[in-house]
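First the structure, in the form of structure tokens, and then the observations on it.
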Amino acid sequence: MEVKISSENFKSLKDGDKPLVVDFWATWCGPCRMVAPIISKMAEKYDGKIAVGKCDVEENEELAAEYGIRNIPTILFFKGGQVVDKLVGAQGEAVIDEKFQSML
């Protein structure tokens, strides 16, 4: 299940006991719409093992700025509260799944 990321819940998810994957996106972003179904599929596949969130950069400008998000989609991978990997731009399912697997 995907969680809507906001400044209110981000810290607790980031510092939680599971790895966290955050998809930074915006409603007007075409490539974001291509990646969204893949992220949803990964959220189901890794449910219970990896927390998955979506962060609208227009609703959460401070989080986007804090993590230097300049291009979307950007997917950040957190472990132990720290960014350990990232993907920028539209990526295929195999690439995204490989990154998810590396978080286990």
Side-chain angles (χ1 to χ4, degrees):
M1 180 180 90
E2 295 167 294
V3 176
K4 183 177 179 181
I5 299 288
S6 67
S7 54
E8 289 78 37
N9 68 359
F10 178 70
K11 183 168 175 26
S12 65
L13 289 167
K14 176 177 68 85
D15 296 337
D17 57 347
K18 288 187 262 186
L20 171 66
V21 177
V22 180
D23 175 18
F24 287 85
W25 68 287
T27 55
W28 49 262
C29 169
C32 297
R33 289 194 295 272
M34 294 186 330
V35 169
I38 299 170
I39 296 297
S40 295
K41 186 174 183 178
M42 296 299 113
E44 285 182 30
K45 181 175 180 177
Y46 294 97
D47 189 36
K49 298 176 188 153
I50 299 174
V52 179
K54 294 187 68 69
C55 182
D56 185 326
V57 296
E58 295 196 331
E59 293 178 4
N60 298 284
E61 293 176 6
E62 68 288 340
L63 281 177
E66 180 178 344
Y67 287 96
I69 305 301
R70 300 199 191 296
N71 298 303
I72 52 174
T74 292
I75 304 167
L76 295 183
F77 298 81
F78 293 87
K79 226 179 199 179
Q82 301 296 314
V83 175
V84 294
D85 211 344
K86 76 176 177 179
L87 290 171
V88 179
Q91 304 287 330
E93 184 173 336
V95 172
I96 294 172
D97 192 31
E98 184 179 312
K99 294 287 186 182
F100 268 79
Q101 286 179 30
S102 75
M103 298 297 287
L104 298 175

Minimal non-hydrogen separation, [X] against [Y], with atom names:
| X | Y | result |
| --- | --- | --- |
| I38 | G92 | CD1-C, 4.2 Å |
| K4 | N9 | O-ND2, 2.9 Å |
| E2 | A43 | CG-CB, 3.7 Å |
| C55 | L63 | SG-CD1, 4.1 Å |
| M103 | F78 | CE-O, 3.1 Å |
| L20 | G53 | CD1-N, 4.3 Å |

Full working for side chain to side chain contact (heavy atoms under 4.5 Å, CB included) between E62 and S7: CA-CA 8 Å; E62 68 288 340; S7 54; 3.3 Å; yes
Worked check of side chain to side chain contact (heavy atoms under 4.5 Å, CB included) between T74 and L87: CA-CA 6 Å; T74 292; L87 290 171; over 6 Å; no
Validation row: [X], [Y] side chains within 4.5 angstrom (heavy atoms):
| X | Y | result |
| --- | --- | --- |
| E93 | K41 | yes |
| V52 | V3 | no |
| Y67 | V83 | yes |
| D85 | I75 | no |
| V22 | F77 | no |

Worked check of side chain to side chain contact (heavy atoms under 4.5 Å, CB included) between V21 and I96: CA-CA 11 Å; V21 177; I96 294 172; over 6 Å; no
Return the [atom1] to [atom2] distance between [X] and [Y], rounded to the nearest 0.5 Å.
| X | Y | atom1 | atom2 | result |
| --- | --- | --- | --- | --- |
| K49 | D47 | NZ | CG | 9.5 Å |
| S40 | M1 | OG | CE | 12.0 Å |
| I50 | Q101 | CD1 | CD | 9.0 Å |

More than 12 heavy atoms of other groups within 6.0 Å of K79 NZ: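 Yes, because the 6.0 Å sphere around NZ of K79 holds more than 12 heavy atoms from other groups.
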Salt bridge (charged side-chain N to carboxylate O under 4.0 Å, His left out) partners of K45, counting only residues at least two apart: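 Salt bridge (charged side-chain N to carboxylate O under 4.0 Å, His left out) check on K45 returns D97.
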ILVMFWY network linking V57 to F10, side-chain heavy atoms under 4.5 angstrom: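 V57 clusters together with F10.
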Single-linkage hydrophobic cluster, 4.5 Å side-chain cutoff, L13 and V84 together: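 L13 does not cluster with V84.
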Considering only distance and modelled atom types, tabulate donor-acceptor pairs under 3.5 Å from the side chains of residues 23-36, sequence neighbours left out.
from, atom 1, to, atom 2, distance (Å)
D23, OD2, K54, NZ, 2.7
W28, NE1, E58, OE2, 2.7
R33, NH1, T27, O, 2.9

